[in-house]
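In what follows, a structure is listed as structure tokens, so that the remarks can point back to it.
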Amino acid sequence: MEKREQLYAGKAKSVFTTDDPNLLILHFRDDTSAFDGEKMEQLARKGRVNNQFNAFIMEKLAAAGVPTHFERLLNQDEVLVKRLTMIPVECVVRNFAAGSLVRRLGVEEGKELDPPTFEFFLKNDALHDPMVNEYHIRAFGWASDSEVAQMKAYSFKVNEVLRQLFGAAGMLLVDFKLEFGLFQGEVVLGDEFSPDGCRLWDADTRKKLDKDRFRQGLGGVVEAYEEVAARLGVTID
Ligand code: ADP
Ligand code: UDP
């Protein structure tokens, strides 16, 4: 499958059309951003690590009954996916308090959330991805009620599957962000699942193994992502 036109260059991935109108190619770049694009760096190997790690996770999720856009890996840093009409909200599930939840509510980082929580954020860098709720989504027509219900149900299913998967490899899945879109009228998981969009801590030491290493200037960012992959048995070319 050949790349045709570049449709979009995001902060971490570039999106290309193909000869098939239903399929796109995502190119995972080494660009790494935080704080809505204010901090930007190139981290060698990050694109290929996230591309191949994401493929492994998407296949696990599909096997567990979550429909995903993943079709097949094309090479080290490119993947073929279904072309979705993206729903412009981010779905965040949290098992432990961290990040914006800690800043917003003043709770202690690392407090376990039982049951896990769910939040929607509008995907809009200029507005710093503000939190929104189901009423906003309905009023502004970003998704229908049944699509909202489906995104929530799939997000909790993803949490169930991945908490177990990371747990068995000695890691805590602290929180994560998902993006969904529509394909032939159905809600489908799009974008990526990688340490760029989730928080993972070593279960014993609570060492951070995700993008917080970049946000907080801790160093060893891609090394940590590769450690996560290795613990799950994912080999990166
Ligand atoms: P951002 O837009 O946040 O800077 P990326 O650099 O990851 O993020 O860019 C990838 C873009 O592609 C995102 O806007 C994402 O919503 C979109 N996208 C991801 N998967 C699909 C898909 N299957 N079909 C259409 N668009 C997609
Ligand atoms: N997240 C993301 N993209 C965003 C915002 C958040 O991938 O634009 C992820 C983030 O990596 C974390 C989870 O969603 O795993 C929850 O993020 P939070 O709301 O705590 O925001 P942050 O601390 O990243 O500002």
Side-chain angles (χ1 to χ4, degrees), residues 6-18 20-40 46-47 50-51 54 58 67-71 77-105 107 109-110 113 116-132 155 158-159 162 166 172-184 186-201 208-216 221 225:
Q6 179 169 294
L7 274 186
Y8 177 75
K11 296 185 294 298
K13 299 191 288 300
S14 302
V15 182
F16 297 88
T17 57
T18 65
D20 184 333
N22 286 319
L23 297 174
L24 295 175
I25 292 174
L26 300 184
H27 173 216
F28 284 66
R29 307 193 315 270
D30 287 341
D31 296 317
T32 312
S33 73
F35 314 121
D36 306 310
E38 272 171 40
K39 177 173 175 170
M40 283 278 237
K46 204 227 22 166
N50 279 1
N51 181 39
N54 172 63
M58 288 279 171
T68 86
H69 67 162
F70 178 79
E71 288 283 317
D77 52 15
E78 291 178 330
V79 63
L80 187 68
V81 298
K82 293 187 181 71
R83 182 176 189 158
L84 308 184
T85 303
M86 297 305 288
I87 298 171
V89 296
E90 301 185 337
C91 300
V92 171
V93 176
R94 300 178 194 268
N95 297 307
F96 295 87
S100 72
L101 185 74
V102 166
R103 296 194 296 275
R104 198 168 350 109
L105 302 184
V107 294
E109 185 183 65
L113 305 170
T117 64
F118 182 92
E119 295 154 6
F120 285 115
F121 294 89
L122 179 64
K123 204 172 147 55
N124 185 321
D125 283 337
L127 298 176
H128 304 292
D129 292 355
M131 190 187 235
V132 293
S155 296
V158 167
N159 191 40
L162 296 188
F166 289 115
L172 299 176
L173 178 58
V174 172
D175 58 31
F176 60 87
K177 180 269 296 178
L178 301 176
E179 291 181 28
F180 294 90
L182 298 176
F183 186 75
Q184 296 168 355
E186 298 296 322
V187 173
V188 170
L189 178 63
D191 205 49
E192 69 178 279
F193 189 101
S194 75
D196 264 2
C198 70
R199 289 191 170 93
L200 289 164
W201 295 345
K208 295 179 201 290
L209 299 169
D210 55 69
K211 195 153 105 176
D212 270 350
R213 299 202 70 80
F214 176 71
R215 294 189 188 96
Q216 299 173 6
V221 181
Y225 291 19

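Read the numbers this way: they start at 1 and go in the same order the structure lists the ligands and their atoms.
- In terms of polar-atom proximity, R104 is not counted as a contact of ligand 2, lacking any N or O under 3.5 Å from an N or O of the ligand.
- Those atoms of ligand 2 that come under 4.0 Å of a heavy atom in G197, given as number and element, are 7 (O), 9 (C), 11 (O), 15 (O).
- A donor-acceptor pair is defined here as one N or O able to donate and one able to accept, closer than 3.5 Å; such a pair exists between the side chain of D129 and the backbone of N124.
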I'd like to know whether C91 forms a side chain to side chain contact (heavy atoms under 4.5 Å, CB included) with F120, so could you lay out the CA-CA distance, the side-chain angles of the two residues, the decisive distance to 0.1 Å, and finally the verdict. CA-CA 5 Å; C91 300; F120 285 115; 3.7 Å; yes
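- In this structure, N54 contributes its side chain and F193 its backbone to a donor-acceptor pair below 3.5 Å.
- Annotation: atom 8 (O) of ligand 2 to nearest protein heavy atom, D129 OD2, 2.9 Å.
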L101 vs L113, test: side chain to side chain contact (heavy atoms under 4.5 Å, CB included). Steps then yes/no. CA-CA 11 Å; L101 185 74; L113 305 170; 3.8 Å; yes
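- The atoms of ligand 2 that sit less than 4.0 Å from any heavy atom of C198 are 11 (O), 15 (O).
- Looking at ligand 1, you won't find any N or O of L24 less than 3.5 Å from one of its N or O atoms.
- For the pair E109 and K208, the salt-bridge criterion is met [side-chain N within less than 4.0 Å of a carboxylate O].
- Residue-level proximity to ligand 2 for E119 is absent, since no heavy atom of it falls below 4.0 angstrom.
- At the shortest separation from atom 12 (O) of ligand 1 among protein heavy atoms lies V15 CG2, 3.5 Å.
- The single protein non-hydrogen atom nearest to atom 7 (O) of ligand 1 is K13 NZ, 2.6 Å, given as residue, atom name and distance.
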Step-by-step salt bridge (Lys or Arg N to Asp or Glu O under 4.0 Å) determination, K82 to E186: CA-CA 12 Å; K82 293 187 181 71; E186 298 296 322; over 6 Å; no
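- Although no hydrogens or angles enter the test, the distance criterion places a donor-acceptor pair under 3.5 Å between the side chain of K211 and the main chain of S33.
- Given atom 4 (O) of ligand 1, the protein heavy atom at minimum distance is K11 N, 2.7 Å.
- Within the 3.5 Å criterion, the main-chain N or O of K13 finds a donor-acceptor partner in the side chain of R29.
- The closest approach between any non-hydrogen atom of K123 and ligand 2 is not below 4.0 Å.
- Against a heavy-atom cut-off of under 4.0 Å, R103 is close to the following atoms of ligand 2: 22 (P), 23 (O), 25 (O).
- In terms of polar-atom proximity, defined here as any N/O pair under 3.5 Å, K82 does make such a contact with ligand 1.
- For the side chain to side chain donor-acceptor pair (under 3.5 Å) test with Y225, the passing option among D210, N50, D196 is D196; the others fail.
- For ligand 2, the atoms lying closer than 4.0 Å to a non-hydrogen atom of G99 are 20 (O), 23 (O).
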Evaluation steps, side chain to side chain contact (heavy atoms under 4.5 Å, CB included), between R94 and S100: CA-CA 11 Å; R94 300 178 194 268; S100 72; 3.1 Å; yes
Let me see the working for L162 and F176 under side chain to side chain contact (heavy atoms under 4.5 Å, CB included), right down to the final yes or no. CA-CA 10 Å; L162 296 188; F176 60 87; 5.8 Å; no
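- The shortest heavy-atom contact between F96 and G110 is CD2-O, 3.4 Å.
- Nearest protein neighbour of atom 20 (N) of ligand 1, counting heavy atoms only, is D191 N, 3.1 Å.
- Minimum heavy-atom separation, F16 to S14: CE1-CB, 3.7 Å.
- Under a 3.5 Å cut-off, the side chain of D77 and the backbone N or O of H27 do not form any donor-acceptor pair.
- Atoms of ligand 1 found under 4.0 Å from any heavy atom of H69, numbered from 1 in the order shown, are 20 (N), 22 (C), 23 (N).
- The nearest heavy-atom contact from the protein to atom 16 (O) of ligand 1 is E179 OE1, 2.8 Å.
- Residues F180 and V187 approach most closely at CD2-CG1, 3.8 Å, considering heavy atoms.
- At the top of the distance list for atom 21 (C) of ligand 1, counting protein heavy atoms only, stands M86 SD, 3.7 Å.
- Between L84 and ligand 1, at least one pair of N/O atoms sits closer than 3.5 Å.
- Between K123 and ligand 1, a contact under 3.5 Å exists for at least one N or O pair.
- Considering backbone and side-chain atoms together, D125 places no N or O closer than 3.5 Å to any N or O of ligand 1.
- A donor-acceptor distance shorter than 3.5 angstrom exists from the side chain of D30 to the backbone of K46, with no hydrogens or angles considered.
- Nearest to atom 4 (C) of ligand 2 among the protein's heavy atoms is E90 OE1, 3.4 Å.
- From the protein, the heavy atom lying nearest to atom 13 (C) of ligand 2 is D175 OD1, 3.5 Å.
- Within ligand 1, the atoms closer than 4.0 Å to a non-hydrogen atom of V81 are 23 (N), numbered from 1 in the order shown.
- Counting all heavy atoms, side chain and backbone alike, L26 lies closest to D191 at CD1-O, 4.4 Å.
- Taking only nitrogen or oxygen atoms, main chain and side chain alike, S100 reaches within less than 3.5 Å of ligand 2.
- Annotation for ligand 2: atoms under 4.0 Å from non-hydrogen atoms of R199 are 12 (C), 15 (O), 16 (C), 17 (O), 18 (P), 20 (O), 22 (P), 23 (O), 24 (O).
- Residue nearest to atom 10 (C) of ligand 2, selected from K11, R215, H128: R215 (by heavy-atom distance).
- Distances from ligand 2 to the non-hydrogen atoms of D125 include no value under 4.0 Å.
- The protein heavy atom nearest to atom 14 (O) of ligand 1 is Y8 CE2, 3.5 Å.
- For D196, every heavy-atom contact with ligand 2 shorter than 4.0 Å involves the backbone, none the side chain.
- In terms of protein heavy atoms, atom 9 (C) of ligand 2 is closest to K177 CB, 3.6 Å.
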